[in-house]
Structure formats: C-alpha cells, structure tokens
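Notes follow the structure.
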Number of protein chains: 2
Amino acid sequence: MTKRTMLHDATEETRDQSQPADRALLSADTGTLGKAIALVELVCCADQPLRFSDILRLTDQPRGSLHRQLKHLVLEGLLDLSPDGTYAAGLRLLNFASRAWAQNSARKVAEPHLRRLQDLTGETVHFGALRGADIIYLDKLESRQTVRMHSQVGNASPVYCTGIGKAALSTLEDARVQQMVRTLQFFPFTPKTILDPETLLAEIRAIRTQGFAYDREEHQPGICCVAAPICAVSRGFVGGVSVTAPAFRAQEAQLRDWARPVLSAAARIEADLAVALAPR
Amino acid sequence: MTKRTMLHDATEETRDQSQPADRALLSADTGTLGKAIALVELVCCADQPLRFSDILRLTDQPRGSLHRQLKHLVLEGLLDLSPDGTYAAGLRLLNFASRAWAQNSARKVAEPHLRRLQDLTGETVHFGALRGADIIYLDKLESRQTVRMHSQVGNASPVYCTGIGKAALSTLEDARVQQMVRTLQFFPFTPKTILDPETLLAEIRAIRTQGFAYDREEHQPGICCVAAPICAVSRGFVGGVSVTAPAFRAQEAQLRDWARPVLSAAARIEADLAVALAPR
DNA sequence: AAACATAGTTCCAAATAGTGGAACAGGATC
DNA sequence: GATCCTGTTCCACTATTTGGAACTATGTTT
C-alpha cells in the first residue's frame, strides 16, 4: 500500500531565491544520509530484486558514487548483496525494527488494553501510530489466530482511508490537517475510498465531535473498522486503537456498539500513558 | 541478547598521533553513514530513552556535529524526537523491516514447510538467518498461539548458543568458522552455554557429520531445540529451521525423534529454493 | 576466435558536505 | 539576578563525497 505516499515527506522548504532551484523544492536536505536512505527505500520497495544497473537506471547517479554508496550500505548491513548481484533489504533493518517495536512506549502501555478489547469484541484489534501521512501498524491481535501476525506489523496505510488514520487527523490542529490534506495524493483503493479533500475534512469534523472514526470498506473491500485516537499530554496523537471485522459481521448497529469499548480502551490507555510518561 | 555484540563497529578511533594504523583493523570505513547508523544502534539498544546529552556522553563527539547528525536522522524518520527531548527508534525503521521481511525469499519459500513442521511436531518452529555472528529470527510459529509472535521476529541471538546458529556454523568453510570463533565473545547465558572455542569446534564437527544441531538449554534455561541448516546453490547457508520445546517435553529421545522431520523440512526447503532461485 | 556488448569495480582531482570549536539561547536551580 | 545545565546555531577548516573515465570480467554476436 501507499506506494507513493512515502516519497519525500519530511520537511520541505522553498530555498527559492535563484540558483539551486529545483532540488531543494521537494525534500529537506539530509545530505549523504538522505541519499543512502533513499537507496534503502528503493531496494525495500522494489517488487523484484534489483541489480546494480537497475538501481543505476532508477536513480541516475554516476556509477562510481552509486557503487560506493551501495558498498557502504552493504557493509553496514542495511542491504544484502546476493552472489547473483541482486540487492535486498538487510537483516540489520529487521533487528533495528524489533528493538524499535519492543521499545515503543505507547505500544507497551497499550498492549494489555488491546488484549482486553480483543477479548471483549472477539474481533481483530489494531494499534497504529502516525508517520507523515501514513498510519504504521505496531500491533495486531487477530480474532482467529490462524493468520500470521507480523504480516501487518510495520505496514503503512494512508491516513485518509483508515479508521486510525482519520482518528489521528481529528486530533491534529486545523492548520496541520489543512496542510496535510492539501498535499495528499488520494488513491481509490476501493469504490468507497474518500477521494477529495472536502469530503475528508467534513468527516474529520464529524469525528471530532463524536470522538471516534469509522472505516467502511474504504481501504480494503469487505473490511470495516471503528477507531479511536490516543493522545498524550503535550505530545498530541501518539497512536490509535481499532476493532476491525469483515463487513458482514460489522453492520452499522454492530459498528456503533463497538464504539463504546473502543473509546474506553483508548481512554484507559491515555490514563496509563499519563502515568508512564510522568517520571523523568 | 547480544547486548555487546554491536557496540562500536563503525566509529571510535584514537585519532591522536599520526598513523591511521589500528583504525582500519576492526571496521570497514563507511564514513558518514557508519556514524549515523551507529547512532541509530545506540538509541535502539539503549534500555532507557536517551536525551541529547546522554548521547553526547556516550559518543563523545563535538556537540555541533552530533546535533546535526541527530537532526538528519530525525528528518529521515530513523529516529523520533519526543517533545521531552528523548530520542527513540523511528517508525520508518519498522516500515523498512516489514518490507525486508515480506521480501526475504528464503523465508517466503520456507513458510509453508515451517507450518507443516509445526503441525507435525506440535511445538514451536523457528526460521532464522545468519548476520555476522548472530542468528536473526525471521519467523516463529508458536505451539500455543497465546504468546505473541513478533516478540521474537527480528531478534538476534549469538551463533554459539542456538541450534540454528550452530547448524549455520557447520555449513561454513573451515577458515571462516575459525576466524569467526576466534573473534567471538562468549557469554554464559545459562550454565550449559558453550564458553570456549574448542568445545564449540568439536560440536560443529559433530554437527557436520550428523547434519543437524541440538541446543540443550544453552541459551535459555529450560529450552531445548533441534535445528537443521538450509543452503542454496552457490550461496551457502541461507537460513535454518528448528523445533523448540521446554526441556521437560524435549528429552533426549524426543529431541532425536524430531531430528528427522526437521531435516526433511530443511531438505524440502532447499529443493523449493533451488527452483525459486533459478529464474533470472 | 576475435570483436563487441553489458555489468560491475577501481581510481583520482575537484568540490561539496561534514566537522568541531565557540558563541548563543532557554530553563532550571541556587 | 547569577549560575549551572541543557540544547541550538554559526562558520572557517578540511575531510569526504563526487563523478568522469579507465579498467576488468563475463557473456554475446559476427
């Protein structure tokens, strides 16, 4: 998902003036690091293994530079170079991520509450955080345990078509929402996906008053959810919870019934978080 | 685990005198990237949130430089800076990793066979790959589904005290094993952990002849496993499978009985892998 | 078998991007 | 209000990255 969402997200500052015009337009300058990470992203996102010259073509950099950069990335374990000359994501990334996951304080605090919510509803429960214009899932408790868990953890989905995403937007200051919505690229994942800023903004206003968000098959056909945002004191939105179910099991009445437990789970997490974040 | 394995690999060097002698010995020079990744590692591995000056102390770099580096890492999403001034691993890492995981061809090929092995034995099945002197777990199928899966995926454990690790060593050329064993730092995770090169080398020789490896409470007290290596044509060790169980359920006879299904799972994965890797 | 592509690697002068000392700006604490 | 401790910005110096070109290795065509 969100194949294109992730490209330049960070800053953006028009260093306009005159000379170094177009480069500065889209992305903040993180120098060497930025270029290296862009390569990692390229390799990670590719849907087939890339060889040196594939990457050369995709980036059009001078060969010497590209070669050195890739060598560095391989040495650092961020990329793997197979003997057949194809590059793949390195195992060190997995290792970093497992630490990142284990460390994430909002997730840790939320965990027991997610479990409880799962017990209560018997459906799949998600926990996700906001990164740029995507929701990244940090946790997933399946209703039936046959499906693989990690298949979702770490995945990114756009804000505008997920319950947690819209819940997240509803907690942000208006200015930031405006700015974000303006730069969104809407993609019709399903016939029900919201495709224009106006509809989205209207929905966000509704979510602000009711306190939770629905996703009625807007991202995946046949999948609905109810989601609530979680905010921490002086830190704003730190994550969202949702209960997800196939549409036939999640009709209007049912979805509405789930809203209360979802909201109270979110509230409890907020409360625990306030305690967890207090020390130091 | 392996808390100390990763520390300075990139940075650190006494630039004092004149010759750049000793520096080159321990780590390849990946320049700016290496320093940046070392910071990510530092933040990821810390067991408590680090603030700017914590990192400053731990790295003793000039403040200006450190500050810029951290800023870049945050801009790239590899680190997160909370409003309270503490750094944490960034969500982008999770996102990269989920792609790395989904992409990994050995894992994809192995998956159905792991499932079968799990059905057959009723115990936990692992799939792991080699990175440096650690085994990184790519997959874990629990016997009982109550325990969380991702709690293990991406985790690193040393080669010398895990079944998959020792199985991996048994497939490497002697020279490489020697070199690796010589630089290993043995740590007594349990009373049964192998602690010296000689014992390890002897065990590896045994594993070479029998084709599979045991771990009898060498990493975690009360936990045993049987593991077999998986090799691909011209690519050597690409991963290992293991069946893991609590010691009381995994007595000698039982462990020995599991060896056959583990070996045949490994063989089947190797066969499938040969097909999967053939095209292109 | 020689000539020709194609893919990957190494080299080095030139310029850019990172370095690190020092000065600056809040916030606590005394 | 002075002092400490934290985090941020600035800028001359220099080390690192750059990118063109030359080189090697492998496989393909004439």
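Not measured: the values here are computed from a predicted model. Throughout, protein chains are lettered first and strands after them, A, B, ... in sequence-line order, and every chain is numbered starting at 1.
- For the pair Leu33(A) CG and dT16(D) P, the computed distance is 17 Å after rounding to whole Å.
- Closest approach of Ala227(A) to Ile164(A), counting heavy atoms only: CB-N, 3.4 Å.
- The CG atom of Leu70(A) sits 11 Å away from the C1' atom of dG8(C) (whole-angstrom rounding).
- Between Phe52(B) and His67(B), the ring-plane angle classifies as perpendicular under the 30° and 60° cut-offs.
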Generate the contact string for nucleotides 6-11 of chain D. Rules: B means base contact, S means sugar-phosphate contact only, - means no protein heavy atom under 4.0 Å. BBBB--
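- Qualifying side chain to side chain donor-acceptor pair (under 3.5 Å) partners for His72(A), counting only residues two or more places apart in sequence or in other chains: none.
- A side-chain donor-acceptor contact under 3.5 Å links His113(A) and Asp272(A).
- The residue Gln61(A) sits apart from the nucleic acid: no heavy atom pair falls under 4.0 Å.
- Per the geometry, NE2 belonging to His72(A) stands 10 Å off P belonging to dT18(D), to the nearest Å.
- Crowding of Arg176(A) atom CZ: a count of heavy atoms from other residues, nucleotides or ligands under 6.0 Å not exceeding 12.
- Note on Thr32(A): every side-chain N or O is 4.0 Å or more away from OP1 and OP2 of dT16(D).
- Distances shorter than 4.0 Å separate some side-chain N or O of Lys35(A) from OP1 or OP2 on dT18(D).
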Please step through salt bridge (Lys or Arg N to Asp or Glu O under 4.0 Å) for the pair Arg51(A) and Asp84(A), ending with a clear verdict. CA-CA 9 Å; Arg51(A) 290 182 324 241; Asp84(A) 67 352; over 6 Å; no
